[in-house]
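Down below is the structure, laid out as structure tokens.
Here the structure is a predicted model, which means the values were calculated and not measured. Every chain is numbered from 1 and lettered A, B, ... according to where its sequence line falls, protein lines coming before strand lines.
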Amino acid sequence: MANNIKAQTNSEASPIISLKGVSKWYDDFQALKNIDLEVKLKEKIVICGPSGSGKSTLIRCLNRLEAHQEGEIHITGIELHERMKDIDTVRQDIGMVFQSFNLFPHLTVLENCMAGPNWVRGIDEKEAKERAMALLKQVKIPEQADKYPEQLSGGQQQRVAIARSLCMQPKVMLFDEPTSALDPEMVSEVLDTMVELAKSGMTMICVTHEMGFAKQVADRIIFMDEGEIVEQNSPEEFFNNPQNDRTKAFLDQVLT
Amino acid sequence: MFVDTVVEDKALHKPAFLIGLSVTVLAIFFALNLTNTIFGEFLSPVIGNPEESGFFGRLAVSFVLTILFVGNLLLISFARLKIQILIVWIELFFLFLAFAYSFDLEIAYIFQNDFICSTESARAKLCTPSKIGLMISKGLFTTIYISAVSIAIATVIAIVGAVAKLSNNGFAYAISSFYTSLFRGLPLLLQIYLIYMGLPQLGFMIDAIPSGIAALSLCYGAYMTEIFRAGIQSIPKGQWEASRALGFKFGLILRKIILPQSIPIIVPPTGNQFIAMLKDSSLVSVLGIWELMFLAKKLGAKDFNHLEMLLTAAMIYWLLTIILEMIQARIESKYKQKT
Ligand SMILES: Nc1ncnc2c1ncn2[C@@H]1O[C@H](COP(=O)(O)OP(=O)(O)OP(=O)(O)O)[C@@H](O)[C@H]1O
Ligand SMILES: [Mg+2]
């Protein structure tokens with residue numbers, strides 16, 4: 001059953017995301033080294049690796065919250081670069097979920113979800129509200145719609161954050177360690193939501209150390225260390241037959 | 001602030017403190033020697049002629065006053081907090097009135113017909129039956145008008161200035177930091193003169209009221225720029241990132257996400273600025289604008305009843321400030337609930 005979540009990748013032709021030789025520096029420090037990556041429509045990618053290996057940096061380059069200095073990044077056919085005019089339109093199609101939720105504390109849960117469609121996509125209030133309620137149902141917290149974020153538990157807040165992104169009807173969803181700020185008992189409710197989303201056919205790139213989730217959902221697991229992609233493989237190969245020594249060391253740590 | 005849940009005995013209810021306080025107060029009253037004042041007269045049935053009562057009279061007066069003072073404190077200490085605050089306010093206010101009363105003022109003067117009014121019948125429209133009437137209809141109105149317009153303009157300047165200071169556009173940063181440096185660096189009075197007398201040199205004729213408003217808004221805009229900048233900077237970076245990730249543009253983020261969240265941080269110091277500006281608007285009286293301060297000086301000067309009119313102005317300023325403080329408290333409590 002786990003298998004039918006995963007994309008039939010070979011049937012889709014052109015990649016929705018492609019990176020060629022991407023490098024990034026913070027001053028003198030090179031955080032990304034010559035990254036090549038292609039993600040096809042409906043593909044689910046899990047990125048893992050030790051702290052400081054550049055996972056967040058990589059995923060934040062994909063919606064240009066960070067700028068890369070070398071190489072090319074194409075999202076849905078549009079190249080991301082310094083002088084681009086339509087970054088906001090590209091970002092509307094890329095949902096992002098943060099480790100620290102980043103909900104808007106002065107808006108209710110419902111308003112958080114309506115903000116994007118209403119203010120940016122120009123959808124009228126009534127329709128935005130219907131869409132928001134539908135997605136709050138999907139993440140199983142419609143009854144919290146009129147509360148403020150701080151009145152919710154961490155797991156609930158993160159599910160609101162997911163709903164807020166989905167309200168924009170994005171083509172790709174990016175997750176940067178969505179469960180690592182949560183208490184253990186709340187991790188599964190967020191992961192369940194993400195599995196549901198995967199089943200619906202969303203293209204997803206998730207930075208996470210939840211290896212159970214990776215096994216169940218990922219088409220490909222990417223292992224990063226020191227700004228490089230060290231190894232990428234299907235979950236079966238990745239867990240049962242890791243090639244690189246650094247991958248083995250990392251897996252030893254996470255799986256025990 | 002966190003008020004601890006463990007309550008100590010009130011200092012006033014400890015005998016040692018009470019005795020110490022009473023002795024100190026007695027000593028102070030004794031040193032002040034109030035025998036020849038109204039208090040001595042009150043006690044004349046006991047001490048006889050105050051002038052001749054000597055040491056005994058002085059001690060008796062001090063003693064009675066001490067009993068009144070400490071007894072009053074003790075009584076208040078048993079009241080509920082809100083009542084306590086109210087009583088102390090009222091008592092302090094009456095002390096202030098007594099202080100003013102001791103100037104031996106001619107209160108009726110305030111309500112007398114005004115000379116300016118009766119002679120300059122051409123100004124019939126301004127003409128009100130009394131000095132206090134003129135202070136309110138003309139002076140108060142002008143003061144509120146100048147302050148309100150300046151506050152509105154200063155707020156706009158502050159938002160623009162704060163954004164410019166936070167931008168990485170060299171021109172914007174340079175202009176706004178030069179502006180805040182200059183206008184925070186010169187005395188307001190000097191700015192008023194410079195604008196009123198400087199601009200005509202450049203060929204811009206400018207009236208007194210617009211110059212006053214310009215000086216006040218530019219000066220307070222500079223202070224408020226810093227307040228707004230700090231308010232904007234206090235919002236976590238994650239709020240910007242989440243908005244950006246949703247495809248929000250800069251103006252939208254500022255308007256809908258950042259500024260609403262910085263309001264609770266911006267309001268208290270901004271309220272301070274509004275209050276300060278209200279009173280600093282009195283400085284534009286040097287341009288001959290008929291605002292409160294100007295009228296107070298003008299109306300009092302003719303008959304050398306300066307203090308009457310100045311005190312009237314003082315009370316009006318104070319009242320306005322109290323209203324502003326109340327508005328500020330309202331806004332603060334409204335925004336406290338959410339964050
Ligand atoms: N704004 C920044 N300025 C300078 N260096 C940075 C900045 N952000 C990240 N780095 C550095 O870049 C490297 C990669 O950081 P990144 O946050 O991408 O790691 P990560 O793999 O997400 O780690 P973690 O698992 O701890 O989140 C780290 O060494 C970090 O110190
Ligand atoms: Mg990270």
Worksheet item: Can you tell me if CG on D28(A) sees more than 12 non-hydrogen neighbours from other groups inside 6.0 Å?
Response: no
Worksheet entry | Crowding at CD, E143(A) (>12 non-hydrogen neighbours, <6.0 Å) | yes
Using non-hydrogen atoms only, which part of [X] is less than 4.5 Å away from chain B: side chain, backbone, both, or neither?
{"X": "R64(A)", "answer": "neither"}
{"X": "F98(A)", "answer": "side chain"}
{"X": "A161(A)", "answer": "neither"}
{"X": "I87(A)", "answer": "neither"}

Worksheet entry | Region of I257(B) that comes under 4.5 Å of a non-hydrogen atom in chain A | both
Discussion item. So which residue, I94(A), L65(A), V120(A), ends up with the most heavy-atom pairs under 4.5 Å with chain B?
Written reply: V120(A)
For [Y], is there any backbone N or O sitting under 3.5 Å from a side-chain donor or acceptor partner on [X]?
{"X": "H106(A)", "Y": "S262(B)", "result": "no"}
{"X": "N102(A)", "Y": "G238(B)", "result": "yes"}
{"X": "Q239(B)", "Y": "L103(A)", "result": "yes"}

Discussion item. Show, in sequence, the C-alpha distance, side-chain angles and deciding distance for L107(A) and K256(B), and conclude whether the side-chain contact (heavy atoms from CB on, under 4.5 Å) test is met.
Written reply: CA-CA 10 Å; L107(A) 302 179; K256(B) 297 280 203 177; over 6 Å; no
Worksheet, complete the sentence: Closest non-hydrogen atoms of A245(B) and M96(A), given as atom of the first, atom of the second and distance, are CB-CB, 4.0 Å
Worksheet entry | Value rounded to 0.5 Å, distance of CZ in F104(A) from CD1 in I235(B) | 12.0 Å
Worksheet item: Looking at CZ of R91(A) and NZ of K249(B), how far apart are the two atoms once the value is rounded to the nearest 0.5 Å?
Response: 9.5 Å
